[in-house]
Amino acid sequence: MKFLEYWIYLILSISKIFLFSLYAGTHFSFSFFVLNLASIVVLSSWTLLLNRKKRNWILLMLLFLHSTLLVSDLWYYRYFSDLLSIVLLSDITQMSDVGGGFLTLIEAKDFLFFADLLFFSLFLFAIRKKEYVVTKKTKQIYAGTGFVLGLALVVIPLVISYSNEEEWLVGEPISNMREYYQLGFWGYHGLDFAQGIGSLLFDESTLTKEEEQRIRKVVPDTPSTVSDSEKPNIIVVQLESFQTSVIDHQVNGQELTPHLNALKKEALFFPSFYHQTHEGRTSDAEFITLTSLYSLKSGSVYTRYAAENEFDALPELLRNAGYDTAAMHAFKKDFWNRDAVYKNIGFNHFFSRPDFPDEQDIGMAVNDEDFLTTSVELAEQLKEPYFAFMVALSSHTPYTIPDNFEELDLTGYEDPLLKGYYETIHYVDGAVGTIIEQLKQKEMWDDSLIVFYGDHDSGLTQEDSEMAQEMGAETKMELFELDRQVPLFIKPPHSEEGGTVASVGGQIDIAPTILDIVGITPSHMLGESLLDEENNLTVFRDGTFRYEELYFEPDLTSPAGNGSCYEIDSGQEVAIERCSEFIETATEELHVSDLIIRKNAWQQIKTSE
């Protein structure tokens, strides 16, 4: 059989993509199979023109490269439910400090991606003496036919999509996964690489009049105003990997978060509050909270647009209203470009690792109790009124904690990551209790606006995980809420009692809510106050959204606008028409946010006024 080794190569290559879909739980239809096989043929048919020895070595190398990229995508997908992108190269220097967390994504079965290298090598060795003669013309016919047929199978669906003006192709895609399903594995990575190179070679940063009108339609130009009322001090604490599921939860009869549970009597608690982070995780949570814009579909704003863009951010608005502003983060000053970002968005001061006690670390930084209590002391030194933004870190993956900090009896639990998570969450809750008591003793509690919120999920919420089983999360709605809900506590100034607020919202609504309480009207924010009478549309990076009692999940394998609509309480799928009127609004908010960030729109709009 002519080119037997090439046919074996094709079988092994497409099998790898099927294995990726199997491990990641992604869609793999017959049309997707044809698309990926055609892409592989387009990229490799040229090897048929080579002599047999060279071709075999190149095919072996291509299998290795294919396996390496696939397994890297798999590890990344397990954490972010997304694929690698060329823009993530800007994040590589930040990964070494959190590498322990990524090691938990590796499973022994993943090395099956490289098993074909051994099989193919043995196969090539076994047929090394088998001779067959192929003429140059035959090589050209096979290579040319393969390339043309493969290219046709790749291009024809794209032409059809373009002629139908499908949003993912003619517009601005809001999800890498939609491009993956429409272009295939190699098509997605090829386009991503081309776009990355194109962004370096071509300047597309000028905002057009049509784009400005598009932004203004979503974010009307309202003047920023500041009331004459007395301005309270503001303290905002971001809690690492903190899920709502741990609030009021007990393990072996022990409360995981006794202090936050008790806080519900003194502060407003928002049980239907969600994190909206994506690949930037903690940095996304900060960015969304401070700017009321969405995360990017690839990478982090902190590493891609750190020091130059105008965001009309919360600290800048507060500074303009007379606040002294400070950020506290007990790690390296330049970690995820925070030194540049914080300065750019309006923080007067940034206190990092050298400003905190050199006490026992938990995970990557000084323990949260020392961090938070020292942060309060630093806040005392600020000019009133002040805004202090504190980023806690002790409950960061991989959830390691020194033995002397462990307090829980976790008998019966098997997953070491879950046990570590519960221990670190319990410790952080104790640190929250300490700072609350400290603020009360220093008489800083009553007249201050104080906010505690979780930045993102634990990464342990997958279906059939020990956490999901313990929490009884089985349906799509239950798994969604386990994964996306994070706690939000707001203690308004001079508030004597707490309560539960039913408002649905996300991190994009925190800044507008804070400004609403202190009497400042922002001009440029996508979010809405959680304390007004309006229902908020809570949108996630892939176009998923929550609105009132509804939840919409887009079908990323089909054109934009398709998907499933569910009722939160019943978990039942309902008619898509109940969600339809909000689908375009959710997508447009993501598009406009991307436009504002990518083209530095606020600065250009201000300059043109």
Side-chain angles (χ1 to χ4, degrees), residues 17 20 24 26 35-36 39-40 42-44 62 64-77 79-96 102 151 154-155 158 161-162 166-208 211 277-281 283-284 287 293-309 336-337 340-341 541-543 556 590-601:
I17 296 178
F20 171 84
T26 57
L35 175 63
N36 280 281
S39 300
I40 294 169
V42 168
L43 292 172
S44 63
L62 290 176
F64 173 77
L65 293 174
H66 194 182
S67 295
T68 301
L69 184 55
L70 269 169
V71 79
S72 299
D73 271 340
L74 176 64
W75 294 339
Y76 196 77
Y77 187 88
Y79 199 71
F80 297 108
S81 297
D82 207 345
L83 300 179
L84 288 167
S85 172
I86 193 72
V87 300
L88 295 173
L89 291 175
S90 59
D91 296 343
I92 288 178
T93 57
Q94 310 295 338
M95 296 301 180
S96 60
F102 287 100
L151 190 63
V154 170
V155 170
L158 295 180
S161 294
Y162 190 84
E166 292 180 14
E167 178 67 27
W168 75 272
L169 184 59
V170 301
E172 302 152 359
I174 60 173
S175 169
N176 288 333
M177 290 307 296
R178 188 180 296 281
E179 291 179 308
Y180 168 74
Y181 287 128
Q182 301 299 325
L183 297 173
F185 177 81
W186 286 111
Y188 161 75
H189 280 293
L191 177 63
D192 176 65
F193 180 78
Q195 289 174 334
I197 297 300
S199 66
L200 295 175
L201 299 178
F202 304 103
D203 181 13
E204 298 180 351
S205 60
T206 302
L207 190 71
T208 67
E211 290 170 336
T277 69
H278 191 43
E279 294 178 355
R281 298 291 274 179
S283 70
D284 277 355
F287 177 76
L293 292 169
Y294 292 101
S295 56
L296 297 170
K297 78 181 182 76
S298 294
S300 166
V301 177
Y302 273 31
T303 54
R304 296 184 61 190
Y305 304 94
E308 299 173 356
N309 288 31
W336 286 88
N337 288 335
V341 175
R541 183 61 251 187
D542 62 355
L556 298 178
L590 292 167
H591 283 321
V592 164
S593 179
D594 288 347
L595 194 58
I596 292 169
I597 296 168
R598 182 166 47 86
K599 294 207 171 184
N600 197 11

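The analysis underlying the following values was restricted to heavy atoms, covering all of them including side chains, and did not include hydrogens, waters or symmetry mates.
Of all the heavy atoms in Leu590 and Tyr294, the pair that sits closest is CD2-CG, 3.8 Å. What you find for Leu151 and Val42 is that their closest heavy atoms are N-CG2, 3.3 Å. The two residues Leu35 and Gly184 come nearest to each other via the heavy atoms CD2-N, 3.4 Å. Here the closest heavy-atom approach between residue Asp594 and residue Ser295 is recorded as OD1-O, 4.1 Å.
For the atom pair Leu296 CG and Tyr305 OH, the distance stands at 6.0 Å (nearest 0.5 Å). Atom CG of residue Leu69 and atom CZ of residue Phe20 lie 9.0 Å apart, to the nearest 0.5 angstrom. In this structure, Phe80 CZ and Thr277 OG1 are separated by 8.5 Å, a value rounded to the nearest 0.5 Å. Summarising the geometry, atom CG belonging to Asn176 is positioned 6.5 Å from atom CG belonging to Leu83; distances are rounded to the nearest 0.5 Å. Rounding to the nearest 0.5 Å places CD1 of Ile174 at 8.0 Å from CG of Leu556. For the atom pair OH (Tyr181) and OG (Ser175), the distance works out to 9.0 Å, reported to the nearest 0.5 Å.
Side chain of Arg304 to main chain of Ser298: a donor-acceptor pair is present (N/O by atom type, distance under 3.5 Å, no hydrogens or angles). A donor-acceptor contact shorter than 3.5 Å is absent between the side chain of Lys599 and the backbone of Ser205. Asp192 places a side-chain N or O within 3.5 Å of a backbone atom of Ile86 that can act as its donor or acceptor partner. Checking side-chain atoms of Asn309 against main-chain N and O of Ile597 turns up a donor-acceptor pair under 3.5 Å.
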Does the pair Leu183 and Leu158 meet the rule for a side-chain contact (heavy atoms from CB on, under 4.5 Å), with working shown? CA-CA 8 Å; Leu183 297 173; Leu158 295 180; 3.4 Å; yes
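Classified by interplanar angle (parallel below 30°, tilted 30° to 60°, perpendicular above 60°), the ring pair Trp186/His66 is tilted.
Under the side-chain hydrogen bond (donor to acceptor under 3.5 Å, both in side chains) criterion, Ser67 pairs with Lys16, sequence neighbours left out. In this structure His278 satisfies the ring-ring contact (aromatic ring centres under 6.0 Å, His included) test with no other residue, sequence neighbours excluded. For Tyr302, there are no ring-ring contact (aromatic ring centres under 6.0 Å, His included) partners at least two apart in sequence or on another chain.
At a threshold of 4.5 Å between non-hydrogen side-chain atoms, the residues Leu293 and Ser593 count as touching. Contact annotation: the side chain of Ser300 approaches that of Asp284 to within less than 4.5 Å [non-hydrogen atoms, C-beta and beyond]. Annotation: side chain of Asp542 is not in contact with side chain of Met177 (no heavy-atom distance under 4.5 Å). Considering only heavy atoms from C-beta on, Lys297 stays 4.5 Å or farther from Arg178 through its side chain.
Under the 4.0 Å criterion applied to side-chain N and carboxylate O atoms, Arg598 and Glu211 are not assigned as salt-bridge partners.
For His189 and Phe185, the ring centers sit closer than 6.0 Å to each other.
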